[in-house]
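Because the structure is a prediction, the values reported are computed rather than measured.
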Amino acid sequence: MNRGHCILSHGFESGPDATKVTALAAAAEALGFTTERPDYTDLDARSDISRVGDVPARLQRLVDLATRAVERGGPVVLGGSSLGAYISALASLQVPTRALFLMVPPLEMGPMPRLDAAPVPLSVVHAWHDEIIPAMGVVEWARARSARLLLLDDSHRLSAHVDATARAFAELLESL
């Protein structure tokens with residue numbers, strides 16, 4: 001039984017086989033969801049556009065994938081890490097999204113819009129010691145949306161808490 005489709009977006013300078021999105025995919029598949037992990041490495045390499053590549057094209061790629069998934073039927077859940085979280089949240093404003101799972105989301109991305117998200121079930125995982133995105137801004141952003149929030153004793157990569165992150169994703173999916 002397919003309970004829905006999860007599109008899981010990796011962070012900048014990462015890839016579709018990254019540890020966190022791989023763990024999220026395994027958690028989702030164990031619960032009967034199908035998964036997809038887009039590859040944005042070609043866009044991330046576009047340093048001629050910005051220091052984090054072609055973010056608008058990354059967002060458009062996700063919107064196109066999510067639109068096709070919605071057209072196939074069934075609910076779509078978007079999730080991602082860092083830049084992948086940012087584009088997942090923005091894509092939720094353009095494509096019907098059942099839920100969002102954001103790991104260490106940047107609140108701002110240069111000239112792009114400030115982080116925003118559709119009013120859907122939302123879980124945020126962040127690190128107290130994130131060296132790139134200060135925790136307190138993310139805490140306030142999540143509070144304003146009544147999101148589930150898991151703060152971990154970790155850094156931006158959340159590498160010491162991959163299992164805890166996958167459990168938090170499974171909890172979000174089970175609540176749908």
Heavy-atom side-chain contact between L62 and S9 under 4.5 Å | yes

Just jot down the side chain to side chain contact (heavy atoms under 4.5 Å, CB included) partners of A26, sequence neighbours excluded, or say none.
-> none

Could you walk me through whether H10 and T41 pass the side-chain contact (heavy atoms from CB on, under 4.5 Å) test, one step at a time?
-> CA-CA 9 Å; H10 65 81; T41 54; 4.2 Å; yes

Verdict with reasoning, S14 to K20, per side-chain contact (heavy atoms from CB on, under 4.5 Å) | CA-CA 10 Å; S14 187; K20 289 189 300 273; over 6 Å; no

With rounding to the nearest 0.5 Å, note down the distance linking CG in L149 to CD in E140.
-> 11.0 Å

Under the side-chain contact (heavy atoms from CB on, under 4.5 Å) criterion, do H161 and L150 qualify, and how do the steps go?
-> CA-CA 11 Å; H161 292 90; L150 175 61; over 6 Å; no

V120-L65 co-clustered via ILVMFWY side chain contacts under 4.5 Å = yes

For S92 and A118, work out which heavy atoms get closest and say how close.
-> OG-N, 2.9 Å

Group every Ile, Leu, Val, Met, Phe, Trp and Tyr by side-chain heavy-atom contacts under 4.5 Å, then state whether V125 and F12 land in the same group.
-> no

Which heavy atom in E13 sits nearest to a heavy atom in D44, and how many Å separate them?
-> N-OD2, 3.7 Å

Go through the steps to decide whether F101 and L173 satisfy the test side-chain contact (heavy atoms from CB on, under 4.5 Å), and finish with yes or no.
-> CA-CA 9 Å; F101 188 78; L173 296 177; over 6 Å; no

Just wondering, do L8 and F169 contact through their side chains at under 4.5 Å, heavy atoms?
-> yes

When rounded to the nearest 0.5 angstrom, what is the spacing between CG in D130 and OG in S82?
-> 7.5 Å

Under a 4.5 Å side-chain heavy-atom rule over Ile, Leu, Val, Met, Phe, Trp and Tyr, are L102 and I132 clustered together?
-> yes

Is there a donor in the side chain of T22 and an acceptor in the side chain of R37, or the other way round, less than 3.5 Å apart?
-> yes

Are L152 and T165 close enough that some pair of their side-chain heavy atoms sits under 4.5 Å apart?
-> yes

Side chain to side chain contact (heavy atoms under 4.5 Å, CB included) against R145, all qualifying residues, sequence neighbours excluded = D116, L122, W141

Does the R61 side chain pair with the main chain of D39, one donor and one acceptor, at a distance under 3.5 Å?
-> yes

Which atom of V52 lies closest to which atom of V55, heavy atoms considered | CG2-CG2, 3.6 Å

Can you name the residues that form a side chain to side chain contact (heavy atoms under 4.5 Å, CB included) with A66, not counting sequence neighbours?
-> I7, L78, V95

Between H5 and T34, does any side-chain donor sit less than 3.5 Å from a side-chain acceptor?
-> yes

Answer yes or no: is there an ion pair linking R68 with E71, defined by an N-O contact shorter than 4.0 Å?
-> no

Same hydrophobic cluster for M109 and V124, using side-chain heavy-atom links shorter than 4.5 Å among ILVMFWY?
-> yes

So do Q60 and D64 actually touch side chain to side chain, heavy atoms under 4.5 Å?
-> yes

Less than 4.5 Å apart, any side-chain heavy atom of R3 and any of L31?
-> yes

So which heavy atom on P56 is nearest to which on M112, and how close?
-> CG-SD, 3.6 Å

Heavy atoms of H156 and I133 approach each other most closely as CE1-CD1, 3.4 Å

P121 versus R98, closest heavy-atom pair with distance | CD-O, 3.2 Å

Between the CE atom in M103 and the OG atom in S123, the distance rounded to the nearest 0.5 Å is 11.5 Å

Under a single-linkage definition using a 4.5 Å side-chain heavy-atom cutoff for Ile, Leu, Val, Met, Phe, Trp and Tyr, are L83 and L90 assigned to the same hydrophobic cluster?
-> yes

